[in-house]
Each structure stands twice: as structure tokens, then as C-alpha cells.
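One structure is given below, encoded as C-alpha cells.
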Protein chains: 2
Amino acid sequence: MEFKHQATVTLAEVAEAAGVGESTVSRVLRNHGSFSGKTRDRVMAAVERLGYVPNRIAGTLASTASRLVAFVIPSLSNIVFPDVLRGASAVLEENRYQAVFSVTDYDPGKEEALAAAMLAWRPAAVMLAGYEHTEGTVKMLRASGCRIVELLDLDGDALDLAVGFSNRAAGRESAAFLLKRGYRRIGYVGHDLNRDTRAGKRFSAFCETLGAHDAPLADREILAGASSVENGRLGLERLLARTPDLDAVYFSNDDMALGGYFHCLARGIAIPSQLAIFGYNGLDIGRATPQPLSTIRTPRVATGHVAAQLVVANAPPQVVDLGFELIEGATA
Amino acid sequence: MEFKHQATVTLAEVAEAAGVGESTVSRVLRNHGSFSGKTRDRVMAAVERLGYVPNRIAGTLASTASRLVAFVIPSLSNIVFPDVLRGASAVLEENRYQAVFSVTDYDPGKEEALAAAMLAWRPAAVMLAGYEHTEGTVKMLRASGCRIVELLDLDGDALDLAVGFSNRAAGRESAAFLLKRGYRRIGYVGHDLNRDTRAGKRFSAFCETLGAHDAPLADREILAGASSVENGRLGLERLLARTPDLDAVYFSNDDMALGGYFHCLARGIAIPSQLAIFGYNGLDIGRATPQPLSTIRTPRVATGHVAAQLVVANAPPQVVDLGFELIEGATA
DNA sequence: AAGGAAAATGGCAGCGCTGCCATTATTGGC
DNA sequence: GCCAATAATGGCAGCGCTGCCATTTTCCTT
């Protein structure tokens, strides 16, 4: 059922038509090596006339140098990953690299299978989210010899390149901020933390910080499934039903926090006097709500951007911490 | 600066190690043709032992059959396109196809350049947004012989496959709904319509329908740049400053509409009694706001899903209308 | 005008695999 | 136990390009 390409024009045909050798056409098209202006014109004319489109498959095989970059990402629903792709694709396109991707649904087993499938394309680099990979994935990536970029998480040991920030630090600073503001009865609303290990790291650092200041987490509500606005709303509703005297709630991210915010609006719960809300990600929408959301802005696009630049430049192994920014907002 | 792969294991080496011929290894790995169980085991053992990863570049070149699907999308910020990718990638992964993408920023010239770059990978299919392409793009795609899928727009003539719904119908139904609800002083807040031609189609059909019912568009505010919540807020603010007596506003999409909604919340404008708000896309967040957003829900994920299925099945040229759903909500 | 460096060009092996064909091993029927 | 099917298997050309090397042409110098 695979598609068979029809009569495509080849380099040899262009060479024939232009009355030059194959290597000359190749040199002209890649603008590499020397050739006369006259020859260039004749080649380009033939290319134009025949509608020749170089075959990168053949080119890549012949040169054993790849301009593919593979992304193995957990999700496309969580805006984080499209943002990373966006940052990366701008750089990659400029440098005539091609991005290929696949989505793991936060499943490490699937990650391994998809990483294997990607390696079959012999990419210049594989970009993955975070540090949590199966042993098999790590072994395979190591053996492949291609660059490995771990994104959006610096709490662990990098295999090769790593770009992002510390989720633990984000959790810590979020807690410190709420404590500084005087909140003591703090709850948490989150989504499935086993799958989203980065959210898990934020949460545990958050709790540790609270504990260290004698204000241990008062209650938590963890919803199955992915993060969403509706789950945030529902989560806060349940949490407050159980523990009504909270004075602040930390959400696993802005989507969830917005759900909480809407819940408060709908129930007439005064923010932040009656209940404070704190998110994570710094989505644009959080800055357009009647009260700007208190949150942490993460460098998602920049992460993709820098990661792609490192790959394009074939930079030596390194860890790049892009940090994050706490946005005070008006909800906490 | 391109990356050179190091000593990779080849089919020939596996064949050697397993003590069989190359073609046998190839047959075993692709589970195609006949071979004995004993041979299979020996081959698989050798594959395992050597850590062999097949080279799809070479395989694709040899078979001249591609399992790549190329996406040329306008944006990754607009949730629409990640949603389409999500729907498609699930199907593609199941069928061992690989997705490659690039982002045009709504620039037709860039679309042409990127489409050319994609064709160089000899994909089984190229997926593009809508029908508006440069002459060069169309010519090139046609000549490539690969499948062409136009997404999210059915108002025009399909080149090959098309999956989505009619934006004009969406605009029409939105207008009809507002009129039916009794609104007569209707305004519009939108983003750059020259670039986002689908939003432009909705808008013109919307206006035509209003005009046909003697309630022509009262005023409009078009903001430069991409759609965003903040632009929606700002747009409504400006629109109302100029034309305060509007009773309803149609937004180019839900992001913009949410901005408008937040503006009303912040200014104490009663929704929908004082001002009605209508969006487009049917984002989840619009259902979690205190008043659910009145909007049209579009089948974004399904569009990607169906498009991928058609490609995988190598279906004959056709147009698939997935329709859309009007969500009454509570803001209009 | 001759010599030599530099520029321009062509030829061809080979990247790692698949598809085709030829060959050899098995199997079953009577 | 013999012959025809059928199952297994190997050999090798060739997918379209690039990289290397050899060759030819051009352009200076002196």
C-alpha cells in the first residue's frame, strides 16, 4: 500500500540536459566546489526546465550526513511541546534541517519504540523530554552515535546535551513565594504525576519547601488523566469540599490553575484574599484574565531554539540552564 | 558541520554474524517472504547481539516507497495545528509512518520553499492547510506525484484529497445563530485576515449573512498580528470605545473571544444581556469558564486522523466534510 | 611563448538496502 | 522411494546521490 513515486527527474537527466557531468550538477546545486558562471546558468536552466527536485534520501545515504532532527515528545495537547517545536523549527528551517517527530503519550515504553523508529532515519540529533528514559532507550541512543538533547528538565544527569531549567527549583520558588506572601494552609491540585515526571519534581520540591517552613501541604487532589482547564476546576472543587479552610492552592500548571480560577469566579470566592492561586508555565492567557495569574514563566520556545542551535553548531556536550521567571500576578 | 554517523552496524554484518544471506535478514526483519523459524531466531539473535538498527534511508531509496508524511503548517502557536498533528500522528505511528513538518508562519512564499524542501524527502503525502497556495506550489506538488492533502478548508477546489469542513458555512451559521437570538448591532474583532484566509472566509460569510438579514456588521476591529487572548481583549476594548451600543461581537476565534470575555468580566459588562460574545474553534477552556463560551466546535483532531487514514490506505482523491458543531454556550 | 598553479569538470565506486531471479532444501502424494 | 510442488535461501544489480580522484581547461607569470 505504500506510495510509489512516478517518473522523477534524476540528477543524471539534468546533467544530460545541461550537457555537463553529474558531479558538476551536484556541485552547482549545493554551491560547493568550483564551477563557472556559464555552467551554473546552464545547469539551473535545465533544473528549471525539467522541474528537478533533488532526492534527499539518496543524498543523505551517499553522504552519510543527516540533516534530520528527531523529536520524541510526550504530547501535543500540552502547549509546552508545540512551543518547543516552534522554537526549534525556526532555527532548523533556517539551516535547512528537517524536523521529524512522534508522540509518546508519556509512555516510556512507547518512547523506546518510537526512539528506535526515529533512529532508523539516522537523524543528526534526537530530542527528548527530560531525563526519565528506559534503560533500553538510553542504550540505544548511546549506541546510535547521534546527538541526544534532553529538554525542559535539568534535575538529573545529561546524556549529552540538555537545555531547559530546573523543575525542582520552580517548585521550590513557588512555595517560597506563597510562604513569603503569608499563606500557610496550602493545597495542591494536579494531574497524573507518574507520567508527567517534571510536574512530579515540581510537586515534591514544593512540598519539601513547605515542610521546611513548618507549613506542610494541607491537602492535595490528584486527578487521573492529562492536565486540562476542566480538571483544574473539578480538582479545586473537590479539594475545597474536603478542606475548605485552605488559603492558597498550587496547581500543576496554568491550565489547571485557570480551571481553579474560573471555579472561584463562578462561586464568588475572592481571589486572592479568600483563596490564592498559583500556576506554572506562564501562558499568555494568564496575563489577560481580569486578575493576571501568579505563575512561573518557563522558556519553552527558547528551549527549542537553543537546543536546535546547539545541534546545528554541533556543540560539545553541555547543560544549558535557561532559568524561569516568577510572575507575581494578582492571584496570589 | 553536519553530523557524521559512526560505525553503524549494517545488514551485511548481521547476515555475516547470523551465517545467512543478506536477503534472508531483510526478509526476516520485514517479515515478508518465507524463512524458517530457526533462521528467524538466528537472525534476531544476531540483530540483538550487534544492536542493529535498520537504515530507513537506504531502505527507502532501494524500494522507492516512502513512509514519510510531510506537514506544511502555518503555525504551531495556533492550537488548531498541533491538534491536527496529534490526530494524524496517532494513525501514522500505528502504521509505521513518520511525520515530518515545517512551519510557514502563514507566508505563501515560505510555504512554497518549505514544500519544495519537503518534496526532496520524497514523502508519501504532503499535508497543507487550506486551498490558498502559490501557483508554484501547486505546480510542484502536482508534478511530484505524491499525495496531496488539503486540510481544514473545503471552500475551494481540492487538488487531490481534502479533509475538513466549510469555513464559510461556519461563518454563516454563527451569524444565523446571533440573529436568531435577536442581536442586531453586531461587531467583529479579528486578527490579520490576509494571512489567515480561513478566518477571512468565515468573516466574509458572516457579514454576508448579516447583510442578507438587514443587520449589516455595525463595526469591526482588526488587529495586526496573530490571534491571541490579549489581542481579543484589546480589540474589544477599542471596538466598544468607538461603537458602545453593540449588542454582540463575533471573534475570529476562541482565543480572541476569551480575551473579549475577560474584558467584560473586568469591566463589569454583563454577558450576554449587555453584550453577547461568540467565538470559533470550541476549545476546551471555553467550556470551563464561568459561562461556557458560545462558539463552533471544529473537528481538528479528527481532521488529522482522517487525513492520515486516507493516506495510509492510499484512498482515491476525495473530499471529506467532517462538519462542525455549534455550541450554544451561555455567552450569546 | 612556455611553464605552472589554479579552476573547472567528468568518471565512477559505493552509501545500505530491496527486488528480482536463480538455486537449493523440504515436503507430500501415490 | 521418485517426482513435482513448495519452501528457503543466496547473489547481485541498482535506487540517486556524493566524495574522491584524474583529467582538462584557463589564467597568470616571467
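Labels below follow one simple rule: chain letters A, B, ... track the order of the sequence lines, proteins then strands, and each chain is numbered from 1.
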Given dC17(C), is OP1 or OP2 found less than 4.0 Å from the side-chain N or O atoms of S63(B)?
-> no

Between R86(A) and D83(A), is the closest basic N to carboxylate O distance under 4.0 Å?
-> yes

Please work out if S34(A) contacts a base, only the sugar-phosphate, or nothing of the nucleic acid, heavy-atom cut-off 4.0 Å.
-> base

Integer-rounded Å distance: dG16(C) C1' and R30(B) CZ = 12 Å

Among dC15(C), dG16(C), dG19(C), find the nucleotide with the atom closest to the side chain of S23(B).
-> dG19(C)

5′-ward residue of the pair L61(A)/T24(A) relative to DNA chain C | T24(A)

Side chain of L11(B) - closest among dT9(D), dT9(C), dC17(C) = dC17(C)

Over how many whole Å does the gap from E22(A) atom CD to dA13(C) atom P extend?
-> 12 Å

Within the structure shown, what part of the strands sits under 4.0 Å from G19(B) by heavy-atom distance: base, sugar-phosphate, or nothing?
-> sugar-phosphate

N/O (side chain, S26(B)) to phosphate O (OP1/OP2, dC17(C)) under 4.0 Å = no

Interatomic distance, H32(A) NE2 vs dA8(C) P [rounded to whole Å] = 14 Å

Under 30°, 30 to 60°, or over 60°: which ring-plane class applies to F71(B) and F101(A), parallel, tilted or perpendicular?
-> tilted

Above 12 or not: heavy atoms from other molecules or residues under 6.0 Å from CE of M140(B)?
-> yes

Quick one: is R122(B) getting a side-chain N or O under 4.0 Å of the dC15(D) phosphate, OP1 or OP2?
-> no

Reckon R56(B) has a side-chain N or O less than 4.0 Å from the OP1 or OP2 of dC17(C)?
-> no

With sequence neighbours left out, what residues match T39(A) under side chain to side chain contact (heavy atoms under 4.5 Å, CB included)?
-> V20(A), T24(A), S36(A), V43(A)

Under 4.0 Å between any heavy atoms, over every strand shown, what does T10(A) touch: base, sugar-phosphate, or nothing? Just pick one.
-> sugar-phosphate

Please name the residue in the list V53(B), T60(B), N55(B) that meets the side chain to side chain contact (heavy atoms under 4.5 Å, CB included) test with W121(A).
-> T60(B)

Nucleotide of dG16(C), dC17(D), dC15(D) approaching A58(B) most closely (side-chain heavy atoms) = dG16(C)

Send over the distance from F35(A) CZ to dT24(D) P, rounded to a whole Å.
-> 23 Å

What's the CG-P distance between L29(B) and dT18(C), to the nearest Å?
-> 8 Å

Sequence neighbours left out, what passes side chain to side chain contact (heavy atoms under 4.5 Å, CB included) with A113(B)? Give chain and number order.
-> none

Separation of dG10(D) C1' from R42(B) CZ (nearest whole Å) | 13 Å

What integer distance in Å separates I57(A):CD1 from dC15(C):P?
-> 18 Å

When we call it a touch if two heavy atoms are under 4.0 Å apart, what does T60(A) touch: a base, just sugar-phosphate, or nothing?
-> nothing

Short side-chain N/O contact from S36(A) to OP1 or OP2 of dT9(C), under 4.0 Å = yes

Whole angstrom value for the distance that separates P of dC15(C) from CG of N55(A) = 18 Å

Classify the side chain of R27(B) and the base of dG10(D) as holding, or not holding, a donor-acceptor pair under 3.5 Å.
-> yes

